[in-house]
Amino acid sequence: MTSARFFIQAALLLALLSSPFNVVEAGDKKGDKKRDKNGDKKGLKGPKPNRKQRKAEAKEKAVKFANMKAAGQDQVSMTKEAAELRSYELRKKKRKGLLKRKEASLAQVLFPGASPEEYSDREPVPAFVDLVESKKTQLPFEFYDLPTCPEPAEKIQKRFRQRRNLGSRLMGHKLQMAPYAFPTKVSKECTPLCVVEVGGKKLRWLRKLVDRQYRVHVTVDQLPVLMRSKELNYAVRGYPVGFKAPPSYTGLKEDEFYLYNHLKFTFTYREEPSEFEGVRITGFDVHPVSISHQFGNEKIDLETNLEAANKKDGWSTCTPGGESPVNEPETYLALRSGATGESMKILYSYEVNWIDSDIPWSDRWDVYLVGSPDDEIHYFAIVNSLMIVIFLTGAVATIMIRTLKKDIAGYNEMQTLEEAQEETGWKLVHGDVFRPPQTYPMLLSVLVGTGAQIGTAFFITLLACMLRMLNPIKKGAALTAVIVLYVLCGGVGGYVSSRLYKFCDAKSWKRCTIATAIAFPGLIVSMIMVLNVFLTIVGAATAVNFLTIILVFLMWGCVSTPLVFVGSYFGYRADKVEVPTKTNQIARFVPEVPYYAAPPTSVLIAGLLPFGSVCIELFFIMSALWLHQLYYIMGFLMAVLMILVATCAQVAMVMCYLQLCVEDHRWWWKSFLNCASAGFYLFLYSLWFLTSKLDLVGILPVMVYLTYMSMISIAFGLMCGTVGYLSCFWFTRKIYAAVKVD
């Protein structure tokens, strides 16, 4: 009885601990009460609605929000109505899980496990400046490269510090304090910040930045600053350095360039003393203004923090209690030197406004995804790819089940020598099909081993993202994971290349191992080093410093290369790959091959299907890489990767079967190239994307784009070629093991 009572009490305790009322929602600190997406306390759940009730409720919501949109309700403002409309439009993105997708906030989807930061009254809120970048060029610059106010001397508080990972170093991201001061709930009128003198080359460079539409990015509480317009219903991250006015607007002979030197910051916050202490920031906006401030007679030291020195007088356009600066054509600040060529003086200023809001912290990311493609497009991409896979599966099934079964049965029933001499088709080459490649067997082994290493690293990276071990939204995290995992997967590359090279009966195993360790990394590093020279000359933020280069070389030489040798050691120690038939001493003559089974036609035809299975999803990936859009749906990307692998394997097997049927036993290189040509199509797609979607200005931005896309295309081609090669190796061993060979 005592043991039974103990188990009953333990069961009750376990049920109590697993009760949904004890769950702490992501985004709320421990001890907070659980709240729904609108920030209201959740009570006891009623009976679950049936399917008919859910349909009626969904229809009612659809009509309600359709009427709101017809009435002109925007989706970007911080009003309750706009927040509800945003939440409804993004409802399909607010789901997480693989099979049973549960409702969640975007904060949970984008930043799993993150909790809100709470600030007390008048507590300084740190602001950080990020890269100054443009869609017209791929040459970002650091904020303090611009002629602006100097970086504050104060150090970043410990709780806001972030370590720069390898990916962020390669991408040029660096955490720097902004020159602005934001005490919590302290609004500021026009506040002079500093005076900067600009002339000569610096002035011409600043005009070029304005002409190429560079934008400044500032972050507060992990929120990128937004420019939003309720009237035009748009919201965009960052604010432009300035703007260009055509001659038809200014009446001048040439375009005139103006600088935004006054910033109006708006913070929206939520305060709920009954649930949490302090203030939670729910929005961070900016409205840039170009104004030619009127200087007084007082002498001002250049590049001095005027706010810290408490110098607020001397400017009629920026005075305490005065009118807030606005964009007026008569007072725009033109970027041009004086009449005699002297440098121009720029007064930077800003103002701050804090506004209370009912929008909960968990919904503050909604506005950043307004206008982004809906998940149905990604589902369509997967369905499109699945159609290709189903078609290929049918073709492979026909070959494997019907054609091969019939062929194998016919071959096995041949009893007489005359019948055996009359055999045709793929069985004729049984004595040569496993003859090792006579041309460059080492190169083929190295390429296949490198492709296996790349594919393994990419698969593990996606798996880590799906399991929430890695956050792809965090700057540089995905790139760091790919590089580190590629280094750690060196053993995979060494093992695969050594097994294949041993099958080829080659003797230069040391040379093969060294080539596997240095060929692909050496090519990539060489391309980056050449590009880095030009990036350093122009002063781009993406120019890699010497210490980062040393770190990459250490990872390559001290981690990746030894792992490749370890993998090769086990690969050469393993038994040679067994094949079901013996190889003849004299190679069989290969008859004339039809056009569809001979390169380059077979290579170009076969590469289309693997590329076609990923081309739709590829558009969103390219937009994230080059158009600065958010991409976080790693579950879709994993599904597309699985479809790509299946497509490559099936295409390779079909093409191999057609080749063997015309008595061509030289399938080794062709099986690799047939699928590797998908990388060629990816590079062609990148050229189309460059001409149709990007508006790059200058030679260096185009060179940067083509260099990185060529790296990606090579890696993609190696991975696809490896899948095709290994699939054909398995396919040939299976079909020739099923026939009786004398």
Side-chain angles (χ1 to χ4, degrees), residues 27 37-39 61-62 64-94 104-111 116 127 130 133 135 182 187 213 215-240 243 260 263-270 280-289 324 326-327 350-377 473 620 623-624 627-632:
K37 64 180 180 180
N38 294 320
K61 283 185 177 181
K64 173 187 174 182
F65 290 112
N67 293 334
M68 289 176 64
K69 293 178 70 174
Q73 175 62 51
D74 70 286
Q75 299 181 40
V76 299
S77 62
M78 299 298 286
T79 61
K80 183 179 179 181
E81 293 77 12
E84 289 179 352
L85 185 56
R86 276 199 303 269
S87 183
Y88 177 76
E89 293 291 330
L90 299 172
R91 65 193 182 280
K92 293 181 180 178
K93 296 182 182 294
K94 294 185 174 186
S105 65
L106 279 181
Q108 293 173 302
V109 175
L110 298 177
F111 304 99
D130 207 338
E133 53 191 6
K135 293 180 181 179
F182 298 127
S187 297
Q213 300 176 9
R215 303 184 72 85
V216 180
H217 295 274
V218 185
T219 304
V220 165
D221 194 37
Q222 298 186 353
L223 278 181
V225 70
L226 270 185
M227 274 184 65
R228 68 176 99 198
S229 171
K230 180 179 178 180
E231 293 75 18
L232 301 177
N233 194 30
Y234 83 91
V236 60
R237 285 175 288 161
Y239 65 90
F243 65 98
Y260 285 125
L263 301 175
K264 296 182 176 181
F265 293 106
T266 301
F267 287 82
T268 54
Y269 66 93
R270 186 151 187 257
R280 292 180 179 177
I281 297 175
T282 58
F284 180 42
D285 301 349
V286 67
H287 177 68
V289 176
S324 175
V326 293
N327 283 311
Y350 74 106
E351 58 186 270
V352 184
N353 189 23
W354 288 78
I355 301 175
D356 193 4
S357 173
D358 292 332
I359 296 177
W361 182 90
S362 58
D363 288 345
R364 64 180 190 161
W365 272 93
D366 290 10
V367 67
Y368 292 88
L369 293 182
V370 169
S372 60
D374 202 44
D375 286 353
E376 270 82 0
I377 300 178
I473 299 296
F620 301 106
S623 298
L627 296 178
H628 311 148
Q629 296 182 4
L630 296 175
Y631 189 90
Y632 60 93

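The structure displayed is predicted, hence computed values, not measured ones.
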Using side chain to side chain donor-acceptor pair (under 3.5 Å) as the criterion, list what pairs up with [X], not counting sequence neighbours.
X	answer
Arg228	Asp285
Ser77	Asp74, Thr79
Gln73	none

Once you round to the nearest 0.5 Å, how far does [atom1] of [X] lie from [atom2] of [Y]?
X	Y	atom1	atom2	result
Glu351	Lys264	CD	NZ	5.0 Å
Trp361	Leu223	CH2	CG	8.5 Å
His628	Glu133	NE2	CD	4.0 Å
Trp354	Thr268	CH2	OG1	9.0 Å
Tyr269	Met78	OH	CE	12.5 Å
Leu226	His217	CG	NE2	11.0 Å

Donor-acceptor check, side chain of [X] to backbone of [Y], threshold 3.5 angstrom: yes or no?
X	Y	answer
Asn233	Gly72	no
Tyr239	Tyr260	no
Arg270	Ser357	no

Return the minimal non-hydrogen interatomic distance between [X] and [Y], and the atom names on each side.
X	Y	answer
Leu627	Lys135	O-CE, 3.4 Å
Asn353	Ser187	OD1-OG, 3.6 Å
Val286	Met227	O-CG, 3.5 Å
Ile359	Thr282	O-CG2, 3.3 Å

Evaluate the ring planes of Phe284 and Phe265, with Trp represented by its six-membered ring, and classify them as parallel (under 30°), tilted (30 to 60°) or perpendicular (over 60°).
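Rings of Phe284 and Phe265: parallel, as their planes differ by under 30°.
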Answer yes or no: is there an ion pair linking Arg364 with Asp221, defined by an N-O contact shorter than 4.0 Å?
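Yes.
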